[in-house]
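The sequence lines fix the lettering, A, B, ..., with proteins before strands; numbering per chain opens at 1. Worth saying up front: this structure is predicted, and the values here are computed from it rather than measured.
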There are 2 protein chains.
Amino acid sequence: MLDPVGAAACCPPLTARPLSQAQADQIAPLLKALADPVRLRLMSLVASHRGGEACVCDLNDAFDLSQPTISHHLKVLHDAGLLDRDKRGVWVYYRVRSAALASIAAMIAGTPAIG
Amino acid sequence: MLDPVGAAACCPPLTARPLSQAQADQIAPLLKALADPVRLRLMSLVASHRGGEACVCDLNDAFDLSQPTISHHLKVLHDAGLLDRDKRGVWVYYRVRSAALASIAAMIAGTPAIG
DNA sequence: TCCAGATATCGACTATCATCTATGTCTTGA
DNA sequence: TCAAGACATAGATGATAGTCGATATCTGGA
């Protein structure tokens, strides 16, 4: 389980000065977690869902993929620290960690955006 | 060869409304190109190099990797539209397309940053 | 015309990843 | 206590990606 806010915040903007190997090794997994069409759509669906959260049951229906596959992608995003997970009864709700997205964006473009 | 500025600009910010599958399919390759430690360091090295550009000879020395491997990563970044390529004599110079980075960052965080 | 150096391409190998089916775990309600 | 439903995990498989050594291509100078 990563801390994307810390990871991206650790590092200077990409264009400011050369990233060390350790810094690059810290950031690459975050981008890797985002760099998949299904996971991009999952992030987008969760973020724009009513209340800023969505349960897995809502998400499964949006894809032509098996339930375990969606579960896998959600785990990847959660392990990367990009989604928060909240189990309420039988249902599991996911919520986007916007601070994480802001940190990543700031690292990429140098924009001092704080989520 | 992609057009990352157009690709990322085509799409609403991740958190604004659900991405279509087509939009996600367009953006994922850009993030995938960035989502590698070596390529992150390459982008960073090129961007922060004197004059905003660097030749391959400068870059090869910064890594403990073979010359073909670096060449491969540069090709991935160039094909994704993240690096511009300029051959001058025997040397090839690469330059970061900062507008591309800005578009990606804006798409991730919703920041209306224009590079 | 030829050689040396800079960079790209090719082919192979290994590791990682996305996906599936089958199954396990947990919670609610009867 | 049991059954049903929501979600996660396990194991397998085909595709993709990072790396290398060998080789090709291009350019400038002798």
**Student:** Which residue lies toward the 5' end of DNA chain C, A:Gly89 or A:Arg39, if each is placed at its nearest nucleotide?
**Tutor:**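 Comparing both residues, the 5'-ward one is A:Arg39.
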**Student:** Testing the basics here: between A:Ala35 and B:Ala35, what is the closest heavy-atom pair and its distance to 0.1 Å?
**Tutor:** CB-CB, 4.3 Å
**Student:** Could you check which of C:dT9, C:dA8, C:dT21 has an atom nearest any side-chain atom of A:Pro68?
**Tutor:**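 Output: C:dT21.
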**Student:** Of the listed nucleotides (D:dT27, D:dC7, C:dT19), which one gets closest to any side-chain atom of A:Cys55?
**Tutor:**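 Given the options D:dT27, D:dC7, C:dT19, the side chain of A:Cys55 is closest to D:dC7.
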**Student:** With a 4.0 Å cut-off on heavy atoms, is B:His73 in touch with a base, just the backbone sugar-phosphate, or nothing at all?
**Tutor:**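 Answer is sugar-phosphate: B:His73 comes under 4.0 Å of backbone atoms only.
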**Student:** Measuring from the side chain of A:Arg85 (C-beta onward, heavy atoms only), which nucleotide among D:dC7, C:dA8, C:dA18 has the closest atom?
**Tutor:**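 In terms of side-chain proximity for A:Arg85, the closest of D:dC7, C:dA8, C:dA18 is D:dC7.
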**Student:** Would you say C:dA18 has OP1 or OP2 under 4.0 Å from some side-chain N or O of A:His72?
**Tutor:** yes
**Student:** Just N and O in the side chain of A:Lys32: are any of them under 4.0 Å from OP1 or OP2 of C:dT16?
**Tutor:** no
**Student:** Where the side chain of B:Ser71 is defined as all heavy atoms beyond and including C-beta, which of D:dT16, C:dC20, C:dT9 is the nearest nucleotide?
**Tutor:**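 For the B:Ser71 side chain, the nearest candidate turns out to be C:dT9.
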**Student:** Between D:dT19, C:dC20, C:dA8, spot the one nearest the side chain of B:Val38, thanks.
**Tutor:** D:dT19
**Student:** May I have the distance from B:Leu34 (atom CG) to D:dG18 (atom P), rounded to whole angstrom?
**Tutor:** 12 Å
**Student:** What's the spacing between B:Arg88 CZ and B:Glu53 CD if we round to 0.5 Å?
**Tutor:** 4.5 Å
**Student:** How close or far is atom C1' of C:dT21 from atom CD1 of A:Ile70, stated in whole angstroms?
**Tutor:**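 From A:Ile70 CD1 to C:dT21 C1': 16 Å.
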**Student:** Are A:Tyr93 and A:Leu77 linked, directly or through other ILVMFWY residues, by side chains that come within less than 4.5 angstrom of each other?
**Tutor:** no
**Student:** When only distance counts, do a donor and an acceptor, one from the side chain of B:Gln67 and one from the base of C:dA6, lie under 3.5 Å apart?
**Tutor:**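 Checked by distance alone, the answer is no.
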**Student:** Taking all non-hydrogen atoms of both residues, which atom of A:Met43 and which atom of A:Leu101 are closest, and how far apart?
**Tutor:**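 What the structure gives for the nearest pair is CE-CD2, 3.9 Å.
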**Student:** Of the nucleotides D:dT19, C:dT7, D:dC26, which has the atom closest to the B:Lys87 side chain?
**Tutor:**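 Of the candidates, D:dC26 comes closest.
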**Student:** Using whole Å, what does the distance between atom P of nucleotide C:dA18 and atom CG of A:Asp64 come to?
**Tutor:** 18 Å
**Student:** So, OP1 or OP2 of D:dC20: does either fall under 4.0 Å of a side-chain N or O from B:Thr69?
**Tutor:** yes
**Student:** Rounded to the nearest Å, what distance is computed from the CG atom of residue A:Asp86 to the C1' atom of nucleotide C:dC26?
**Tutor:**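 In whole Å, C:dC26 C1' and A:Asp86 CG are 16 Å from each other.
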**Student:** To the nearest Å, how far apart are A:Leu65 CG and D:dC7 C1'?
**Tutor:** 16 Å
**Student:** Please state how far atom NZ in A:Lys75 lies from atom C1' in C:dT19, giving the value in whole angstrom units.
**Tutor:** 17 Å
**Student:** 5'-most contact on DNA chain C: A:Asp36 or B:Tyr94, nearest heavy atom basis?
**Tutor:** B:Tyr94
**Student:** Just N and O in the side chain of A:Arg88: are any of them under 4.0 Å from OP1 or OP2 of D:dA6?
**Tutor:**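 Answer is no, no contact under 4.0 Å.
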**Student:** Quickly work out the A:Asp25 CG to D:dG18 C1' distance and round it to whole Å.
**Tutor:** 14 Å
**Student:** Using whole Å, what does the distance between atom P of nucleotide C:dA8 and atom CG of B:Asn60 come to?
**Tutor:** 9 Å
**Student:** Are A:Val76 and A:Val92 in one and the same hydrophobic cluster, where Ile, Leu, Val, Met, Phe, Trp and Tyr link if side-chain heavy atoms are under 4.5 Å apart?
**Tutor:** no
**Student:** What's the closest nucleotide to the B:Val90 side chain, out of C:dT7, C:dA6, D:dT19?
**Tutor:** C:dA6
**Student:** If you check every side-chain atom of A:Val56, which of C:dT9, C:dA18, D:dC7 has the closest atom?
**Tutor:**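 Nucleotide nearest to A:Val56's side chain: D:dC7.
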**Student:** Tell me whether the OP1 or OP2 atom of C:dT19 has a side-chain N or O from A:Ser66 closer than 4.0 Å.
**Tutor:** no
**Student:** Which atoms form the tightest heavy-atom contact between B:Ile104 and B:Leu30, and what is the distance?
**Tutor:**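 In this case the closest contact between B:Ile104 and B:Leu30 is CD1-CB, 4.0 Å.
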